[in-house]
Protein chains: 2
Amino acid sequence: MTNVSNVLKPRFKPSHPGLVFKRQVLEGYELSITEAARRLGVSRKHLTNFSNGHVPCSLDLAQRIAAATGSGVAVWINLQANYDTWLAEHSDTPDVVAFG
Amino acid sequence: MTNVSNVLKPRFKPSHPGLVFKRQVLEGYELSITEAARRLGVSRKHLTNFSNGHVPCSLDLAQRIAAATGSGVAVWINLQANYDTWLAEHSDTPDVVAFG
DNA sequence: TGAAGGTGTAACCTATTAGGTTACTATTGC
DNA sequence: GCAATAGTAACCTAATAGGTTACACCTTCA
């Protein structure tokens with residue numbers, strides 16, 4: 001399967017937003033997960049799970065990260081959306097009857 | 001607030017994915033909500049709520065619509081992401097301590 | 001006029017999930 | 001040894017997706 005639309009789509013599994021957060025934000029600011037969790041107002045457990053790709057980036061978390069870093073909230077929402085899209089495209093299609 | 005990044009962002013509230021679905025898909029295929037719900041394998045109640053913008057487009061629903069219409073699942077995920085982004089940008093920012 | 005199909009909505013229930021607290025273990029640096 | 005960090009497991013709560021059933025209110029058509 002290779003067509004034009006694939007040019008704009010990631011051919012390989014995109015990074016989980018949490019991994020991006022860990023590599024780009026935490027390492028960039030030289031912040032520990034513990035300290036970042038304090039500043040974001042979320043539990044350390046939750047932020048570790050997120051940073052290791054075990055839980056998705058909720059809207060609430062996206063807003064907090066955006067507010068704390070000055071980045072746009074769209075960045076994190078779109079990272080999650082791209083990740084979700086990849087997963088959806090690589091799971092089996094639901095049982096539906098075609099329209100039209 | 002007007003800067004370059006806004007050029008790429010919707011200045012007005014984007015349509016809820018359900019409204020797009022109603023206008024573009026249902027009207028395009030001349031399908032009733034009831035019939036579309038049957039084909040998608042979801043309840044009529046749920047699809048009415050979605051089509052009227054009362055519930056978000058879940059990943060499951062996005063996959064079903066994509067499978068039934070032949071559209072990419074990314075369309076619906078991104079419509080929802082854009083809608084979520086607009087809402088997040090127009091709600092008050094959470095209480096966090098800035099990084100860096 | 002009455003039956004049939006479509007629509008919106010409300011009440012109620014269930015399964016899933018985001019997220020918290022606490023606690024235990026392991027690691028690293030002073 | 002001690003302090004801080006990290007990963008993880010058990011447990012709990014609140015929110016939410018989504019289902020079922022039922023009711024009222026259209027249209028349309030025989």
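Numbered from 1 within each chain, the chains take letters A, B, ... in sequence-line order. Keep in mind that this is a model prediction, so the values were computed, not measured. Because only heavy atoms are used, hydrogens play no part in the values below, and waters and symmetry mates are left out as well, while side chains stay in.
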Mind calculating the distance between CG (A:Leu59) and C1' (C:dT17) to the nearest angstrom? 14 Å
Could you measure the distance from the CZ atom of A:Arg44 to the OG1 atom of A:Thr48? Nearest 0.5 Å is fine. 5.5 Å
Separation of D:dT20 C1' from B:Leu47 CG (nearest whole Å): 16 Å
For the helix from C:dT1-D:dA30 to C:dC30-D:dG1, what angle separates the axis at the start from the axis at the finish, each from five pairs, in steps of 10°? 20°
Measuring only between side-chain heavy atoms, which start at C-beta, is A:Cys57 closer than 4.5 Å to A:Leu79? no
Take B:Phe50 and B:Ile65, measure what side chain to side chain contact (heavy atoms under 4.5 Å, CB included) needs, and give me the verdict at the end. CA-CA 12 Å; B:Phe50 171 65; B:Ile65 296 175; 3.8 Å; yes
Whole-Å distance between D:dA17 C1' and A:Asp84 CG? 15 Å
Determine the contact category for B:Val42: base if any of its heavy atoms lies under 4.0 Å from a base atom, sugar-phosphate if only primed atoms, P, OP1 or OP2 are that close, otherwise nothing. sugar-phosphate
To the nearest 0.5 Å, what is the distance between CD (A:Gln24) and OG (A:Ser71)? 11.5 Å
Which residues pass the salt bridge (Lys or Arg N to Asp or Glu O under 4.0 Å) test with B:Arg39, not counting sequence neighbours? B:Glu35
Can you sort out which residues in residues 93-100 of chain B have a heavy atom within less than 4.0 Å of DNA chain D? Ascending by number, please. none
From CG of A:Leu19 over to P of D:dG7, roughly how many Å is that when rounded to an integer? 11 Å
Would you please classify the geometry between the B:Phe99 ring and the A:Tyr29 ring as parallel, tilted or perpendicular, with 30° and 60° separating the classes? perpendicular
Provide the full list of salt bridge (charged side-chain N to carboxylate O under 4.0 Å, His left out) pairs with a residue in residues 46-69 of chain B, sequence neighbours left out, each pair given once. B:Asp60-B:Arg64
Single-linkage hydrophobic cluster A:Val96~B:Leu31, side-chain heavy atoms < 4.5 angstrom: no
Walk along nucleotides 3-11 of chain C from 5' to 3' and tag each nucleotide B, S or - by protein heavy-atom contact under 4.0 Å, base first, then sugar-phosphate. ---SBBB--
Length of the CZ-P vector between A:Arg64 and C:dA18, whole Å: 16 Å
Rounded to whole Å, how long is the line connecting atom NE2 of B:His46 with atom P of D:dG19? 6 Å
Residue pairs, two or more places apart or on separate chains, that pass ring-ring contact (aromatic ring centres under 6.0 Å, His included) and touch residues 61-85 of chain B: B:His16-B:Tyr83
Look up atom CG in A:Asn82 and atom OG in A:Ser15, then write down how far apart they are to the nearest 0.5 Å. 11.0 Å
Whole angstrom is fine here: how far is it from CD in B:Gln80 over to C1' in D:dA17? 12 Å
Can you tell if the side chain of A:Arg38 reaches within under 4.5 Å of the side chain of B:Val97, non-hydrogen atoms only? no
